[in-house]
Number of protein chains: 2
Amino acid sequence: MTASMLDKAAIILDCFIPSGGPYRLSELSERTGLPKPTVHRLAADLIRLGWLERTGPQYRLGAKLFELGSLVPRRRDLRETALPFLQDLFEATRETVHLGVREGMDVVYLERIHGHEALRLPSRIGGSLPLSCTAVGKALLAFSGAELTDELLSRPLPRLTPHSITDPARLRMTLEKIQVSGLAYEEQEAALGVSCIAAPVFAGGTTVAALSVAVPRERFSPAQLAPAVRTAALGLSRAVRGSS
Amino acid sequence: MTASMLDKAAIILDCFIPSGGPYRLSELSERTGLPKPTVHRLAADLIRLGWLERTGPQYRLGAKLFELGSLVPRRRDLRETALPFLQDLFEATRETVHLGVREGMDVVYLERIHGHEALRLPSRIGGSLPLSCTAVGKALLAFSGAELTDELLSRPLPRLTPHSITDPARLRMTLEKIQVSGLAYEEQEAALGVSCIAAPVFAGGTTVAALSVAVPRERFSPAQLAPAVRTAALGLSRAVRGSS
DNA sequence: TCATGTTGTTCCGTTCCACGGAACAAACAT
DNA sequence: ATGTTTGTTCCGTGGAACGGAACAACATGA
């Protein structure tokens with residue numbers, strides 16, 4: 001089980017998850033556990049391929065990866081059909097809007113649109129967060145079958161803020177409420193000062209995604225946001241059915 | 001100069017540019033020029049790494065690439081600061097909006113937002129088109145120095161539609177007009193039935209991007225779009241200066 | 001200016017695994 | 001039933017990846 005050259009290249013690239021930030025050769029060597037000459041040689045290859053870039057001593061992910069990543073069908077197609085509905089939702093609420101799908105026990109964000117005000121959030125396009133800590137995640141979890149919930153609860157629940165739900169019983173109750181109302185709420189469970197409301201997107205009986213609105217805690221008013229989120233999720237559900 | 005395993009992996013992945021569409025093993029073998037057993041073995045490795053996915057006989061790009069691609073700093077940072085301005089521009093025009101940068105003699109699109117109406121366009125996020133055939137491209141070209149224009153004109157100009165500019169003299173004239181007005185126009189030069197207007201984004205004396213509005217030919221009215229595009233481009237220029 | 005640690009780079013003998021032709025199996029077409 | 005294409009396995013061989021060691025290019029401090 002000695003790692004091949006390809007594996008090592010993957011290990012190097014994986015270093016850049018989740019920060020993406022620039023690393024120097026020594027840091028890469030340390031973080032990957034690979035000998036320095038090996039990283040040096042492989043990094044040169046990766047640069048030649050456009051998968052890495054280098055300015056002085058700084059290594060970064062290369063533009064070619066952006067190009068390839070944008071073509072991944074499972075991501076691109078859903079994002080494309082969802083975009084108009086996300087626009088609608090954004091215009092209706094003028095708040096930060098998310099589209100996410102489930103990947104294992106995490107939610108992966110496919111899109112995130114917002115206006116000028118920044119709103120510090122841990123969510124990034126292509127990034128992932130624990131299902132139990134986000135509105136999108138809970139919306140996905142509540143409609144993905146009991147087995148998934150059981151498996152999730154078989155391990156301790158992660159915590160991103162002091163408000164994250166870590167009590168299994170409480171999460172179960174929350175999910176039941178979501179199943180009844182069709183809406184998931186989240187209050188400062190992923191980031192302090194930010195609340196969130198989400199709704200699931202269905203296609204052919206399965207839950208394929210969820211979309212949400214994130215709002216600064218002080219001006220969070222579920223009653224106003226709920227209809228907009230519901231409308232967008234339903235519209236997207238119809239559109240997804242039509243395109244797949 | 002025999003290709004390493006990494007090179008071959010890159011060759012395989014590059015097959016999926018620009019269509020991204022699913023390929024079968026034989027097609028991959030043919031398109032890459034690699035022997036079938038080699039593709040078979042490498043594809044298995046790539047699947048293990050999440051860079052490819054396979055359903056039955058269909059190979060596709062894998063989700064991991066989306067994750068990595070979303071982290072590429074040069075792309076992500078600009079897209080992030082540009083998004084609010086693209087939103088403004090979209091709301092002002094309610095038409096398809098683009099953000100693009102130059103890469104060699106092509107324009108690469110970083111973002112593309114639109115409403116419900118489809119509008120068949122050759123532009124895709126992460127995809128590239130010839131500089132001379134798009135409004136975004138011409139806006140970039142007009143403000144990237146004379147040497148670049150000379151080099152572009154040293155080879156025959158590509159043509160995407162019968163309206164694409166292929167006459168060097170005509171392109172030069174067009175670029176001069178763009179330099180004066182600060183706005184680039186394009187009428188069915190990239191796709192039939194679609195017109196476009198673009199403006200460059202400056203940061204520290206160099207042109208870092210351009211943004212555009214694409215409109216069905218029949219309702220294209222430059223006078224109405226021009227101020228919105230200009231405003232967005234100027235706003236983004238200011239924001240980019242501030243963040244870099 | 002020299003001493004000292006750190007980081008980046010080159011060298012090269014050894015090892016080991018990637019390679020792909022050939023043979024086989026499976027799926028389709030006729 | 002028969003040919004044809006596609007997917008998969010096998011395996012002996014060659015060559016390329018490997019990484020310790022030595023070197024070079026900096027940076028830091030006295």
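Here is the naming used below: chain letters follow the sequence lines, and residue numbers restart at 1 for every chain. Owing to the predicted nature of the structure, the values given are computational and were not obtained by experimental measurement.
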A:Lys8 NZ to D:dA17 P: how many Å, rounded? 11 Å
Separation of B:Leu42 atom CG from D:dT8 atom P, in whole Å? 14 Å
Classify B:Arg41 by what it touches in the nucleic acid, base, sugar-phosphate, or nothing, heavy-atom distance under 4.0 Å. base
Could you tell me the separation between the CG atom of B:Leu6 and the C1' atom of C:dC19, rounded to a whole number of Å? 16 Å
Nearest-nucleotide wise, let me know which of A:Met5 and A:Tyr59 is further upstream toward the 5' end of DNA chain C. A:Tyr59
Of the listed nucleotides C:dT9, D:dA17, D:dG7, the one nearest the side chain of A:Arg54: C:dT9
From CD1 of A:Ile12 across to P of D:dG19 the rounded distance in Å is 11 Å
Is the shortest side-chain N to carboxylate O distance from B:Glu53 to A:Arg75 below 4.0 Å? no
Verify, without hydrogens or angle tests, whether B:Ser29 (side chain) and B:Leu25 (backbone) share a donor-acceptor contact under 3.5 angstrom. no
Taking the side chain of B:Thr38 as heavy atoms from C-beta outward, which of C:dG20, D:dG19, C:dG8 is closest to it? C:dG20
Minimum-distance nucleotide to A:His40 side chain [options: C:dT10, C:dA18, D:dG7]: C:dT10
With a 4.0 Å limit, can you tell me whether B:Thr2 has a side-chain N or O closer than that to the phosphate oxygens OP1/OP2 of D:dG15? no
Taking atom CD as the centre, does B:Glu30 end up with more than 12 heavy-atom neighbours from other residues, nucleotides or ligands that are less than 6.0 angstrom away? no
Answer yes or no: does a side-chain N or O of A:Arg24 lie under 4.0 Å from OP1 or OP2 of C:dG8? yes
Going by an N to O cut-off under 4.0 Å, is there a salt bridge joining B:Arg74 and A:Glu67? no
From CG of A:Asp45 over to C1' of D:dA16, roughly how many Å is that when rounded to an integer? 11 Å
NA contact type, A:Pro35, heavy-atom cut-off 4.0 Å: base, sugar-phosphate, or nothing? sugar-phosphate
For residues A:Cys15 and A:Thr32, determine if any side-chain heavy atom of one lies less than 4.5 Å from a side-chain heavy atom of the other. yes
Establish, with yes or no, whether the OP1 or OP2 oxygen of C:dC17 is under 4.0 angstrom from a side-chain nitrogen or oxygen of A:Ser4. no
Separation of C:dG20 atom P from B:Ile11 atom CD1, nearest Å, is 11 Å
Please give, in whole Å, the distance from D:dA25 P to A:Leu25 CG? 16 Å
For a quick check, tell me whether the side chain of B:Lys36 and the base of D:dG7 share a donor-acceptor pair closer than 3.5 Å. yes
I need the CG-C1' distance between B:Leu34 and C:dG20, as an integer number of Å. 11 Å
